[in-house]
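The structure appears below as structure tokens.
Heavy atoms only: backbone and side chains are in, while hydrogens, waters and symmetry mates are out. Sequence lines set the chain letters: A, B, ... in the order given, protein chains first and strands last, and positions in each chain run from 1. Fair warning: this is a prediction, and the values are worked out from it, not measured in the lab.
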Number of protein chains: 2
Amino acid sequence: MTFPLHLAISEKLRDRIRAGIYRPGDQLPSEHQLMAEFEVSRITARRAIANLTQQGLVNVQRGKGAFVSTQQKVVYSLSSPLLLEADLARQDIEITVQTLSFERVTAPVHVQKILNCAIAYLQKKVLLFNNVPSCVDITYIVPELAKAHGKELRQKLTFTTLEKYGICIQKIDAVIECTQADYETGEQLEVSLGHPLIVYRHTAFTEAGAIVHGESISRGDRFCYSIQIDRMIAPDL
Amino acid sequence: MTFPLHLAISEKLRDRIRAGIYRPGDQLPSEHQLMAEFEVSRITARRAIANLTQQGLVNVQRGKGAFVSTQQKVVYSLSSPLLLEADLARQDIEITVQTLSFERVTAPVHVQKILNCAIAYLQKKVLLFNNVPSCVDITYIVPELAKAHGKELRQKLTFTTLEKYGICIQKIDAVIECTQADYETGEQLEVSLGHPLIVYRHTAFTEAGAIVHGESISRGDRFCYSIQIDRMIAPDL
DNA sequence: TAGTGGTCTAGACCACGGT
DNA sequence: CCGTGGTCTAGACCACTAG
């Protein structure tokens, strides 16, 4: 097991970032400078930089250079999903909805089972936070609601709209996981292939049953979820 | 904006995976075969494969080849954290705790504020699921509890142990986010640099206050979190 | 125009896995 | 032994950003 050169270099650079020698926003040495300093080929220097970008520590700008990234994640509270907009306002974030498509489709089988209907409306939208594309949302909505509130659903957040018209969400089942961007999603979120993404896959229920199923795919470097679990249920197995 | 060759190739290979031409577990064409088929240099062929591994679609084994990965994520239910072990047993998963260190330290400032004490015990452990390292857990525990139950805490899950001794968790504040592996974490979880990770950062409270603060870092390709939000609180702003 | 990163090539050596 | 992937080099051309 030999220790790769590119890794040795990226670890050294990472240490400098952690030590504050390179501070957030600073420009890293250029590829040429790294080649000189560490006496390596350009490919190896590039690989070292790639390691750092892969860890989210730096972001590179073509023609300009590589810069130490400044992290500051937006928090989405799951304990009060309806408050998202108010929540974000408190964090000084303006939210914009950009609907890419909204059409009647035959739902995929697993969605048919969840929503208990064969036809659904499929909405694809991008959420912009302070005009930065941060979240791709793909949602299946039962036809009744989609038809009744289509216009508003295109321009606002799903739950906000439903709530406004007195549709009361009783329960949400959700899974949070992470993936990495494929080319298409990368384009939409303005990130490169393989960029870490956080996925919130949810089903919303009224008393009558499931009405909405969708997934929100967000940039992992700008987004996180918070939860408060209040009372614990003792194990009874 | 020219479309990179390596991307064109990885997209083509990805389509084949999605189409089922290469099925989970199958071996992809070797680098040499890709060089021949697409008439590119080895570096470009390698880059195409790298794109796919970065998206979690394939994993490569040195000396053997690249294989389409077979996903099957372990679900950690946040609605009943105490039931984790029972939950996993239901998913046919055996869990092993491997404590790396357990020592008395002066806590970092932000932890001091949370736990409201300057000295804490820092436990680092690895959780193995069916003997596959899947989760690195770094936890600060208030001294009273750490001293009283140190032996058991080393071998079992934190919450399970506390519960056993009648310490009742009233509330958990948590944040879920994602990162990518640095070299050290990569070693521990047996993944490469930049591998997607999902982080569960939590603080547990009894009636008396915070007693535990830690973060669980899991492989993003094997792990996800589920939540059930039961009753919704109407916005009152 | 000069400097930056992005892509690509051809060729080399090493380490691992299975025969 | 051979085939596989992992690392590295030297050199080339292109595209973007700035002064």
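D:dG3 atom C1' lies 10 Å from atom CD of B:Gln27, rounded to whole Å. Remark: P of C:dG3 and CE of A:Met35 are 14 Å apart, rounded to the nearest angstrom. Following rounding to the nearest Å, A:Gln61 (CD) and D:dC16 (C1') show an atom-to-atom distance of 11 Å. In this structure, NE2 of B:His32 is placed 14 Å from P of D:dG6, rounded to the nearest angstrom. Per the geometry, CZ belonging to A:Phe67 stands 10 Å off C1' belonging to D:dT17, to the nearest Å. Rounding to whole angstrom units, CD of residue A:Glu31 and P of C:dG6 are separated by 7 Å. The distance between atom CG of A:Leu193 and atom C1' of C:dG6, rounded to the nearest whole Å, is 14 Å.
With both pairing distances under 3.5 Å, D:dG19 is matched to nothing as a Watson-Crick or G-U wobble pair.
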Counting only pairs under 3.5 Å, give me each side-chain donor-acceptor contact of residues 7-14 of chain A, with atom names and distances, residues two or more places apart or in other chains.
from    : atom 1 : to      : atom 2 : distance (Å)
A:Ser10 : OG     : A:His6  : O      : 3.2
A:Ser10 : OG     : A:Leu7  : O      : 3.1
A:Ser10 : OG     : A:Asn51 : ND2    : 3.2
A:Glu11 : OE1    : A:Arg14 : NH2    : 3.3

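Applying the 4.0 Å criterion to OP1 and OP2 of D:dC16, one finds that A:Lys64 has every side-chain N and O outside that range. When the side-chain nitrogen and oxygen atoms of A:Ser30 are compared with OP1 and OP2 of C:dT4, one or more of them lie within a distance under 4.0 Å.
Judged by distance alone, the side chains of B:Lys125 and B:Thr158 do bring a donor and an acceptor atom under 3.5 Å apart.
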Before giving the answer on salt bridge (charged side-chain N to carboxylate O under 4.0 Å, His left out), spell out for B:Asp87 and B:Arg90 the whole-Å C-alpha distance, their side-chain angles and the decisive distance to 0.1 Å.
CA-CA 5 Å; B:Asp87 234 36; B:Arg90 215 171 302 136; 3.1 Å; yes

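Dense packing is recorded around NZ of A:Lys73, with more than 12 heavy atoms of other residues, nucleotides or ligands lying under 6.0 Å away.
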For a quick check, with a 4.0 angstrom heavy-atom cut-off, what is the B/S/- contact string for nucleotides 7-12 of chain D, read 5' to 3'?
BSBB-B

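Note on ring orientation: taking the six-membered ring where Trp is involved, the planes of B:Tyr76 and B:Tyr225 are tilted (angle from 30° to 60°).
Ion pairing between a basic and an acidic side chain is recognised when a charged N comes within 4.0 Å of a carboxylate O; B:Arg16 and B:Glu37 show such pairing.
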